[in-house]
Amino acid sequence: MQTLIYQQKPLVADKPNHLCHFVLNPAASLKSSLQSTHCLGPQCIMTIINTSHVEITTFFLVGMPGLEYAHIWISIPICSLYVVALLGNCTILFVIKTEPSLHEPMYYFLSMLALSDLGLSLSSLPTMLRIFLFNAPGISANACFAQEFFIHGFTVLESSVLLIMSFDRFLAIHNPLRYSSILTTVRVAKIGIVLSFRSVLLVLPFPFTLRKLKYCQKSQLSHSYCLHQDVMKLACSDNKINVIYGFFIALCVMVDFMLIAVSYFLILKTVLGIASQKEQLKALNTCVSHICAVIIFYLPIISLAIVHRFAQHVSPLFKVLMANVLLLVPPMMNPIVYCVKTRQIRVRVVAKLCQKQI
């Protein structure tokens with residue numbers, strides 16, 4: 001904010017000298033500021049306190065554009081989705097941990113997927129609840145940077161886990177006799193550690209590069225949570241590094257998707273080499289749950305990227321809905337898909353529930 005202090009000689013003889021204080025719009029030019037003060041005379045002394053650069057420390061998130069009056073009702077299905085996601089993934093983790101027969105590489109990777117889904121849900125939960133339950137869209141800059149770090153970190157982790165699960169399925173179908181000897185418990189643990197470090201290191205520069213930017217004009221974000229590409233657009237300083245690095249991270253996720261496609265091409269080639277049609281269907285059936293998880297995860301990401309790139313005039317409400325689907329649907333659907341399509345998980349879950357009822 002600019003504060004201009006003028007000391008003006010009296011235009012009327014019987015009036016004493018006085019000090020005029022004016023508070024002006026920080027975006028206004030100096031010329032318009034002088035005109036708005038009506039300060040006349042050659043002896044008008046002007047002191048400018050230069051505070052033209054005002055750092056924005058609070059961003060404002062968006063609920064459902066045009067439906068703000070119904071936020072309290074919209075919060076009901078959103079909270080329900082979160083409850084299902086949290087309970088479902090916690091159930092998957094509990095069943096795998098307590099059932100010795102599920103201590104196999106496939107289910108260890110499923111545990112990693114459940115952990116990444118839990119991380120995604122818990123990362124976006126605070127701002128979503130504040131907006132829709134308490135009508136509090138404001139979020140501090142540091143909290144926003146922290147949230148986007150966790151959201152992008154768990155997104156990259158989930159992409160990595162889906163990739164390694166596709167290799168796991170290929171190995172189980174292509175070389176079932178050596179499957180257990182290749183993917184030992186120690187190796188699976190090392191893979192999990194490497195994937196975690198990869199996710200952290202890839203997105204670690206995000207909050208630091210965003211923090212170096214200057215935010216002095218716009219503070220309105222486009223979604224109900226903080227994303228790197230959304231925050232950097234608000235900067236009034238050069239964000240070229242953020243654009244390039246953000247594109248690099250998106251490219252890494254797309255490379256994961258392409259490698260998953262290659263894995264399934266190899267799986268299909270292996271399955272077609274099996275003589276018995278019954279064995280072919282049995283082999284493919286072990287991949288159905290993973291294929292569903294890949295579609296549920298990547299389809300919203302690709303669709304949202306296409307909308308932002310080629311559909312600039314699409315309603316903001318539609319973009320917000322797609323962005324919310326991106327974080328709400330995969331964590332909710334993955335436990336359901338694996339419980340329905342994986343007999344071992346389904347049987348154990350039903351057994352645990354029946355045991356509790358008894």
Side-chain angles (χ1 to χ4, degrees), residues 89 92-93 95-117 155-199 201-202 251-299 330 333-349:
N89 287 289
I92 292 286
L93 291 172
V95 169
I96 293 175
K97 185 180 185 304
T98 57
E99 187 59 47
S101 62
L102 298 181
H103 293 176
E104 298 178 3
M106 173 184 173
Y107 301 107
Y108 290 143
F109 292 133
L110 179 56
S111 299
M112 297 179 197
L113 184 66
L115 284 173
S116 62
D117 283 335
T155 300
V156 174
L157 178 61
E158 182 150 350
S159 177
S160 304
V161 172
L162 289 173
L163 172 60
I164 200 64
M165 289 177 79
S166 68
F167 286 146
D168 168 75
R169 291 297 84 208
F170 168 69
L171 187 61
I173 293 172
H174 180 72
N175 202 344
L177 297 179
R178 296 187 58 198
Y179 174 74
S180 299
S181 61
I182 295 174
L183 283 179
T184 61
T185 303
V186 175
R187 259 179 206 160
V188 171
K190 289 180 179 178
I191 290 172
I193 294 172
V194 169
L195 294 183
S196 301
F197 271 104
R198 174 185 185 252
S199 305
L201 292 177
L202 279 177
L251 189 62
C252 290
V253 175
M254 288 300 103
V255 168
D256 289 348
F257 177 71
M258 288 187 288
L259 290 175
I260 291 172
V262 171
S263 298
Y264 273 100
F265 172 77
L266 296 175
I267 288 172
L268 188 60
K269 184 179 177 181
T270 303
V271 169
L272 292 177
I274 300 174
S276 171
Q277 186 176 4
K278 183 178 180 180
E279 292 297 322
Q280 289 179 350
L281 294 176
K282 183 179 179 181
L284 288 175
N285 190 52
T286 63
C287 303
V288 172
S289 300
H290 181 257
I291 292 173
C292 293
V294 170
I295 293 173
I296 291 169
F297 178 74
Y298 283 102
L299 185 61
M333 289 301 298
N334 285 338
I336 296 174
V337 168
Y338 273 95
C339 284
V340 171
K341 298 301 297 179
T342 307
R343 187 182 64 83
Q344 293 88 338
I345 295 287
R346 183 176 65 252
V347 169
R348 268 61 177 192
V349 169

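Summarising the geometry, atom CG belonging to L162 is positioned 7.0 Å from atom OG belonging to S116; distances are rounded to the nearest 0.5 Å. Summarising the geometry, atom CD belonging to E158 is positioned 4.0 Å from atom CG belonging to D117; distances are rounded to the nearest 0.5 Å. Interatomic distance, L183 CG to M106 CE, rounded to the nearest 0.5 Å: 12.5 Å. Put simply, NZ on K341 and SG on C287 are 12.0 Å apart, with the number rounded to the nearest 0.5 Å. Atom-to-atom distance recorded for Y338:OH and I92:CD1 is 9.5 Å, nearest 0.5 angstrom. Remark: N334 CG to I296 CD1 distance equals 5.5 Å, nearest 0.5 Å.
Not one N or O on the side chain of N175 forms a donor-acceptor pair closer than 3.5 Å with the backbone of L171.
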Verdict with supporting geometry, I295 and I291, side chain to side chain contact (heavy atoms under 4.5 Å, CB included): CA-CA 6 Å; I295 293 173; I291 292 173; 4.0 Å; yes
Side chain to side chain contact (heavy atoms under 4.5 Å, CB included) between V340 and R346, intermediate numbers included: CA-CA 6 Å; V340 171; R346 183 176 65 252; 5.5 Å; no
Verdict with supporting geometry, D256 and Y298, side chain to side chain donor-acceptor pair (under 3.5 Å): CA-CA 10 Å; D256 289 348; Y298 283 102; 4.8 Å; no
Step-by-step side chain to side chain contact (heavy atoms under 4.5 Å, CB included) determination, I164 to S160: CA-CA 6 Å; I164 200 64; S160 304; over 6 Å; no
Candidate pair L157 and L115, rule side chain to side chain contact (heavy atoms under 4.5 Å, CB included), full reasoning: CA-CA 9 Å; L157 178 61; L115 284 173; 5.9 Å; no
May I have the list of side-chain donor-acceptor pairs in residues 265-272 shorter than 3.5 Å, sequence neighbours left out?
residue: T270; atom: OG1; partner: L266; partner atom: O; Å: 2.9

Compile the donor-acceptor pairs under 3.5 Å between side chains in residues 107-114 and protein atoms, sequence neighbours left out, one pair per line.
residue: S111; atom: OG; partner: Y107; partner atom: O; Å: 3.0

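Considering only heavy atoms from C-beta on, N285 stays 4.5 Å or farther from K282 through its side chain. Residues L284 and R169 fail the side-chain proximity criterion, which asks for heavy atoms closer than 4.5 Å. Side-chain contact between D168 and Y179: present, with at least one pair of heavy atoms (C-beta onward) separated by less than 4.5 Å. Two residues are said to be in side-chain contact when any heavy atoms from C-beta on lie closer than 4.5 Å; I345 and L102 meet this criterion.
Under the rule for a side chain to side chain donor-acceptor pair (under 3.5 Å), the partners of S166 that lie at least two apart in sequence or sit in another chain are S263. Among residues two or more places apart in sequence or in another chain, the side chain to side chain donor-acceptor pair (under 3.5 Å) test is passed with S289 by T342. Contacts of F170 classified as ring pair (Phe, Tyr, Trp, His ring centres under 6.0 Å), with partners at least two apart in sequence or in another chain: H174.
Ring orientation note: the planes of Y264 and H290 are close to parallel, at an angle under 30° on the 30°/60° scale.
Here the shortest heavy-atom pairing between T184 and S181 reads CG2-O, 3.4 Å.
Contacts classified as salt bridge (Lys or Arg N to Asp or Glu O under 4.0 Å) and involving residues 96-113 (residues at least two apart or in different chains) are given here: E99-R348.
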